[in-house]
Structures are given as structure tokens and as C-alpha cells.
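Data first, discussion second: the structure below is written as C-alpha cells.
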Amino acid sequence: MPDTVTHALTLTGRGIRLSRRNVDAVITALALPVMLMLIFVYFFGGAIDTGTAYVTYVVPGVLLLCAGFGSSTTAVRVSEDMKEGIVDRFRSMDVGATPILAAHVAASTARNLLSTALVLGVAFLIGFRPSASAAGWLAALGVLLAFVLAVSWLSAAVGLLARTPEAASGFTFLMMFLPYPSSAFVPIDTMPSWLHGFADHQPVTPVIESLRGLLLDQPVGTAPALALAWCAGILAVAAGLSGALFRVRTR
Amino acid sequence: MTRHPAIEATGLRKTYDDVPVLDGIDLRVEPGTVHALLGPNGAGKTTTVRILATLTRADAGTARVAGYDVVTERARVRRALSLTGQFAAVDAMQTGEENLRMMARLTGLSRTAAARRADELLERFGLGDARSRLAGTYSGGMRRRLDLAAGLVGDPEVVFLDEPTTGLDPRSRRELWQVVAEVAARGATILLTTQYLEEADRLADRIGVLNAGRLVAEGTADELKTRVAGHRLDLVLADRAAYRRLAPHAVHEAPETLTLGIPTDGTAAHVRALLDELDPARTDITRFTLHSATLDDVFLALTAKEPAHA
């Protein structure tokens, strides 16, 4: 359907313009991950022994934290749209749920590409020296992209579920904290044993293991396959769920 | 081409959480005319518009817009209509020009055609100077004009305006009226909802009066005026007995001050006749005042046959 594509592209342009002009959100989305990285590397890093330079260990974790947080702001955007009259106008112009939500996800992806580049730039400045080949870089970015897409769609579903943008912003907190009980910042075997079950099997862990392994050119085993499977699963559920939620919200 | 009504609805019903909002609405709007749905908050105006604009489904009844069924031919209906709602449906963080270009692209215009259409509408709606400013910085009236312009990018056959001037100051309201009249003059069919008698009077060829989910009157402004008294005579009664005796004639009751409001055309002859008829002994009515009828009086007069509390 060429209409759907035009609609999605037009609305993606809108999403990027709106993102760019939301200065507070841009600053938060860019500054927060960088601040966290500096805090981890310089405040906590000296006390954490991961067997490598801590900056090398933690950068993939910060990239993921940044992507998770950045993607989860999609919930707020979607929720704002649903609250205003603009979605009714789009619907009355026969613009479907898919292009509306896909445009939010695409704008979120664009935002995340930017913040990922910035975090990587700062990481290089403070001594992050990955040893990945070009293929490793591509694979790592691919996994990160899959994660951004999955969390953004899930976030769009949350935005449809939340009654207010304030409620929707609660999801960003979940995504801010989910990386902590994983191998993002410290190795899981240093955590209490009751946390291992969750930390080993939650979706963030295979994503982070893939990123780290691919960027540092270490063996990754099944982590990338597991990460992509998680992302595909989340994506499928989120897309189905958001379609249904959109119909309910606009009844 | 066969001429079909621009809007045709039969027996529309809608219930939200067991509360009936529309209780059997029939509507017929001829092409190229302006039709107003006049009613207080909660009368069902917005629900009617949302059903006709395919955003909400009726529980019962059928509706056709531009000749197409709003349920089974939804996509075709959507291509023929535009909706401007009570809440400005433009992005505050995009400029006027960006908003219009985006809407034009969504109706399927090419990039250059969309830019041209946006230029044209910005000029036509007096927003040329404000085109590069964020819509969030616009005044209420400018925002509403932008919103209306956004609805017109696709050159719709049928234009729905849901309370287009609610919340505007008198001057902006007048400016918007001019714009609406101009849109109508170009041949679009307009269905507008309003709480303001004056607005319906100024803009509409025909007016439907909606109350509690029903159309209680329908006709031209002049037809309705002959059915609705233009003034209200407020009578202060001497005692409770007189109050109770005359209450059935009233469209407005204030028992604490023993005051009753009776519709009248405001002429001396009618007021004199009313006083004589209601109080032949000239003992029950102690004082009176005369007001221009408010919209409330109009509704009460129109629904007087079935008073809510007998």
C-alpha cells in the first residue's frame, strides 16, 4: 500500500521535527547516558574488578541503558498524541494505526542513533578501545537496532495503555532500571544467588553479552541469537498488542 | 451524477456505559448547505459528528456521508470529509506551514503540490505572516484558523466543525465566522455544532436543535424563531399557591424567590395579554422583569411538551 508508506514517512518527518524541538527531552536523552557512563567509570569503576579496564566493560552496558531509556520515551510521545485531538484528525484522514505508531518507532530509532553515536564518542575520549572488526561493529549495531525497535514498539503499546503522558513516563523508569540486574555494569556472579535466575534470563542480558562480545571481539556463543529471538518476540507481541490497544482507545 | 444528500442519517443511537447519548437521530443535509446542530453540553452534538466522521460507531442506525456508508465504505467517506474538533488538532511544536504541509502530504499530495496548497491556505486564512512561527505561539483564534485550514488541505466535500468557536473571544469568533462563510461560499457542505444561537443564526441555512440525544426541532433560523419566543418574562408571585398554580406555564423556575419565567415575544401587547391571562384577578403577580431569551429558554421552550419534572 503506497498510502501507508507515504503516511509513515510523512509522520516520521513530523516525529523527528518534534523530537528535535523538544529541547528538554533531547538534553536528558543525551546527557543522562553520558553522565551515567562518567559516574560508573570514574566513581564506581575503581572499586569494580571485571578483569578488564572498567571502561571497556561498562560501555556496552551504557549503550544499552541509553537505548532502553531513549526508546522508552516513545511511550510519552504516543500518549501525548492520544491525548490531543491530532490522532482523531489522522484517523479522519484515513491514516491507520500502523503508520502512526511506526512513525513514532522510526523517530525513536533516529533519536537513538544520535545518542548512541554521542555515547560512543565520549567513550572513545575516556579510553574505550574496542577491538571489533567491521563485521563485529555491524553485528553489534544490528543487535542494538533490534533492541531499539523492540523496546520502542513495546513503549508505543505502553503509551496507548497509559491514560496520561505522566503515567506513560513510568515506563522510562522501568527501562532505566532493567539493565542493573543484568551483566551491564557488574558481572552477574558477583550478585546474590537469588538474583541470578532473573539476571541470567532477562532479555537485557543476552543483548548486553552480544554487544560486549562483538565489540571486544570475544566469543559470543548463542548470545546474539538469543538476543535477536527476544527482540523478535517482544516486537511481535508489542505490534499485536499496540494494534489492539489502538482500536480500543479510539472506539 | 445522481444528487445524493451530503449527509443522511437514520435512527442513530449510541450508549456509553449504559447512559444513552443519542436516542434516535435522523438528519438530512443537502449538498452545498450549512447545517448547524445547536445544543447544550452533553446533548450529543460531538457524538453525532464523531459517528458521521467515522471515528465512532453507532450502536444502531445508519448514516451516509457524500453518498457512502460510514461503516461499510469508511475509507471513501474519510476521503470525502474533514473534521475540525473542539481541541486544536495541530502540533504546537511545528510551524503553521509545517503543519499544513504535513496534512497535505497525508491527503496524498506530492511534496511540491503540498507546499503550494499550504501557501495558498496560509494566505487565505490570514496566516501568511505567521507561517514560520510555531503553532504553539499562535493566539487562540489563529490556532483555530490553522486547524480549520488543516482540515481543508484535501478539498473535502463535507466539512465537520465541532464547536469551532468555543473558547474564542468575540473578535476571533467573528473572524472565524467569516472564514467559515467563505468555505461555505466555495461550495462545501458544512455540518457545524455550536452552543451559540447567534452562531447558528449567522452561518447556517438550517438548524437542528439537539437536546438529550434527540432532535427537538429542525428548520431554518426564521422557522425556529417563530417557534421559540425571543424573550422571557420573569414573574415574582405573591405566594406559594400562586407559584404552584402558574409553574406549569414556566420555562424557568426559582422557587426560593417565588419567580417563574414565561416565554414571550417581548411585545407590549403580548406581555399585557400574558399578565391578564395568567393573573385575571390581578393579585398573584407582584412584579415582573423582561429578559432576552437565553439559549436555555429556547431549549426549555422546545422541550416544554415533555417537561423533565412535572
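Labels below follow one simple rule: chain letters A, B, ... track the order of the sequence lines, proteins then strands, and each chain is numbered from 1.
The two residues A/Arg91 and B/Thr54 have their closest heavy-atom pair at NH2-O, 4.2 Å. Contact record, A/Ile86 with B/Ala89: CD1-O, 3.7 Å, taken as the closest heavy-atom pair. Residues A/Arg21 and B/Gln94 share a closest heavy-atom pair of NH1-CA, 3.5 Å. When all heavy atoms are compared, the tightest approach of A/His7 to B/Leu106 is NE2-O, 3.0 Å.
Within the 4.5 Å cutoff, the side chain of A/Arg17 has no heavy atoms near those of the B/Met93 side chain. Looking at B/Asp91 and A/Leu18, their side chains come closer than 4.5 Å, going by heavy atoms from C-beta outward. Taking 4.5 Å as the limit, some side-chain heavy atom of B/Thr84 sits within range of a side-chain heavy atom of A/Arg89.
Within the 4.5 angstrom heavy-atom criterion, only side-chain atoms of B/Arg79, from C-beta onward, approach chain A.
Side chain of B/Arg78 to backbone of A/Ser92: no donor-acceptor contact under 3.5 angstrom is found. Panel note: side chain B/Arg105, backbone A/Thr6; no donor-acceptor pair is recorded below 3.5 Å.
Remark: A/Phe173 CZ is loosely packed, at most 12 non-hydrogen atoms of other residues, nucleotides or ligands lying under 6.0 Å away. For B/Tyr16, the OH atom is densely surrounded, since the number of other residues' heavy atoms within 6.0 Å is greater than 12. A/Phe40 CZ: more than 12 foreign heavy atoms inside a 6.0 Å radius. The environment of CZ in B/Arg74 is sparse: at most 12 heavy-atom neighbours from other residues, nucleotides or ligands sit within 6.0 Å.
Ranked by heavy-atom pairs shorter than 4.5 Å toward chain B, the options A/Met93, A/Arg20, A/Glu84 are led by A/Met93.
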Run the side-chain donor-acceptor check on residues 96-107 of chain A: report pairs under 3.5 Å with partners two or more places apart or on a different chain.
{"residue": "A/His104", "atom": "NE2", "partner": "A/Asp81", "partner atom": "OD2", "Å": "2.9"}

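Using a 4.5 Å cut-off between non-hydrogen atoms, the part of residues 128-156 of chain B that approaches chain A consists of B/Leu134, B/Asp147, B/Ala150, B/Gly151, B/Val153.
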